[in-house]
Amino acid sequence: MAVANPTSSYDRLKEVKEFDESKIGVKGLSDSGIANIPRFFVHPPETLSDLKLNTSKLCSNIPVINLSNKDSSTHRPQIVNQIREAATTWGFFQVINHGVPESVLEETIRAIKDFHEQPHEIKANYYKRDEHSGVMYSSNNDLYRSKAASWHDALQAWMGPSPLDVEELPEICRNEVVGWDKNASKVAETVLELLSEGLGLESGKFKELTFMERRALVGICYPYCPQPDLTVGITPHTDPGVLTVLLQNQIPGLQVKHEDDWVAVNPVPGGLIINVGDFLQIASNGEYKSVQHRVLANSDKNPRISVVEFFNLSKWKGNGDYGPLPELLSAEKPAIYRNFTEQEFLENFYSKGYDSKSLIEKIKIEG
């Protein structure tokens, strides 16, 4: 397999296929002790040029919101304001005292780590490229669509709206994945209630609109990378759906774009990271903002583990489209996005590599 050194007769597709068909994943490459990463993982200068953080931003962090008094009539308005402000200005925030015991967080991380640390011959039984249903283990969902591959592997499971046959899940993490789906869904429901109230809507509005029924749970491993300055863990992108709930271990790497600078996200012990997706930005008519984020290639000898659950709309409107919620529109605040169809939404995501706000840009109303 070719490495980062340039060659005159480089066949990228051939090398990508060889890697994909080997089913060893990035973890397998890392465990083999390679000193140079394969060339198709090397990113262009425009991606690599700003990997080093502005030192003035090293002490910044995304907002941290305490949910312990969310059911108190005295404190809830303040929490609604905090979440609204965070979703408007940052698009990312951490929540603490969210109701999930720290022991469950640790068990979930450990189970996903255990899956990825199995011999590749065992993991290969789950290796495939069916992104739309069931359970899939692979390296880079967008391997054949992106311009350069990223240094991570992932176990993906569609948990809803149709119930997953749990026997499809690897036994080594089966109970923990099922349990985490329930816990992450409870946290997402709480956050969406607060976000709904932040827009002046009834707390249950987003749940009523099925904003959290279509769920994909992804357990990601970012193994040690021997050349972290030449690639990334995940390229800069925004999430296309409604809301994302992220659990991660203490290995750093996640960064968020804020006011034209990249800010490192420092995990708070026991905290969960929440971010707004493109769909929620559109539905809120631009009140809430989806924000670009990325993960650096891991230079630590220990793997970075994250468990991400993506929450998406399940039931589209009767005519098959969606757009800004009518309740949020007025003569003073007209729609800034046109309606779009489910087909447009899916084609926009699955036709290319990960990117930032491409659907939002397509449907923005000029003027």
Side-chain angles (χ1 to χ4, degrees), residues 1-7 10 12-44 47-48 51-52 108-129 136-144 146-156 170 172-173 218-237 246-255 264 267 293-308 353-354:
M1 191 177 290
V3 295
N5 301 321
T7 62
Y10 176 60
R12 182 181 186 278
L13 181 57
K14 178 175 179 287
E15 300 245 326
V16 167
K17 286 190 72 173
E18 284 179 2
F19 167 72
D20 194 33
E21 290 170 2
S22 75
K23 302 182 180 182
I24 65 170
V26 170
K27 183 74 164 57
L29 291 177
S30 180
D31 289 348
S32 73
I34 60 169
N36 298 296
I37 63 175
R39 185 171 167 183
F40 60 87
F41 283 97
V42 177
H43 281 252
T47 301
L48 303 175
L51 289 184
K52 301 298 183 187
T108 305
I109 288 284
R110 185 169 59 247
I112 294 299
K113 184 171 183 276
D114 288 347
F115 169 79
H116 284 287
E117 292 192 336
Q118 294 178 110
H120 81 263
E121 294 87 355
I122 295 176
K123 292 184 291 185
N125 293 320
Y126 300 94
Y127 197 100
K128 58 181 180 177
R129 293 217 166 266
M136 176 185 82
Y137 163 63
S138 69
S139 184
N140 288 253
N141 278 25
D142 61 347
L143 183 65
Y144 291 98
S146 62
K147 294 177 181 177
S150 300
W151 202 254
H152 72 272
D153 299 328
L155 176 69
Q156 173 181 292
I172 196 168
C173 59
V218 185
I220 308 175
C221 175
Y222 303 89
Y224 167 72
C225 179
Q227 293 180 299
D229 294 337
L230 294 182
T231 190
V232 294
I234 288 184
T235 52
H237 66 285
L246 166 66
L247 164 66
Q248 61 178 7
N249 65 359
Q250 297 299 305
I251 305 294
L254 176 63
Q255 297 182 347
H293 51 289
R294 68 184 182 187
V295 177
L296 302 185
N298 182 19
S299 60
D300 196 294
K301 291 293 184 181
N302 296 304
R304 181 178 186 273
I305 301 294
S306 67
V307 188
V308 192
Y354 298 149

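As a basis for the values below, the full set of heavy atoms in this structure was taken, side chains included, without hydrogen atoms, waters or symmetry mates.
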Kindly write out the residues that satisfy side chain to side chain contact (heavy atoms under 4.5 Å, CB included) with [X], not counting sequence neighbours, or none if the list is empty.
X	value
D114	R110, I172
L296	L51, Q255, R294
N125	none
P303	K113, E117, C221, I305

Does [X] have any salt bridge (Lys or Arg N to Asp or Glu O under 4.0 Å) partners at least two apart in sequence or in another chain, and if so, which?
X	answer
K14	E18
D229	K52
K23	none

Assign the ring pair F41 / F19 to parallel, tilted or perpendicular, where the plane angle (0 to 90°) is split at 30° and 60°. perpendicular

With H152 as partner, the option from T231, I220, V232, N298 fulfilling side chain to side chain contact (heavy atoms under 4.5 Å, CB included) is I220

By the salt bridge (Lys or Arg N to Asp or Glu O under 4.0 Å) test, which pairs, at least two apart or in different chains, include something from residues 119-129? D20-R129

Would you name the heavy atoms of [X] and [Y] that are closest together and state the gap between them?
X	Y	answer
W151	P226	CZ2-CD, 4.1 Å
Y222	S306	CE1-OG, 3.7 Å
R12	A149	NH2-N, 4.0 Å
Q248	P267	NE2-CG, 3.0 Å

With sequence neighbours excluded, what pairs up with [X] under the ring-ring contact (aromatic ring centres under 6.0 Å, His included) test?
X	value
F115	Y137
H116	none
H120	none

When you compare the side chain of P38 with that of L29, does any pair of heavy atoms fall below 4.5 Å? yes

Residues passing the side-chain hydrogen bond (donor to acceptor under 3.5 Å, both in side chains) test with S139, sequence neighbours excluded, are D153

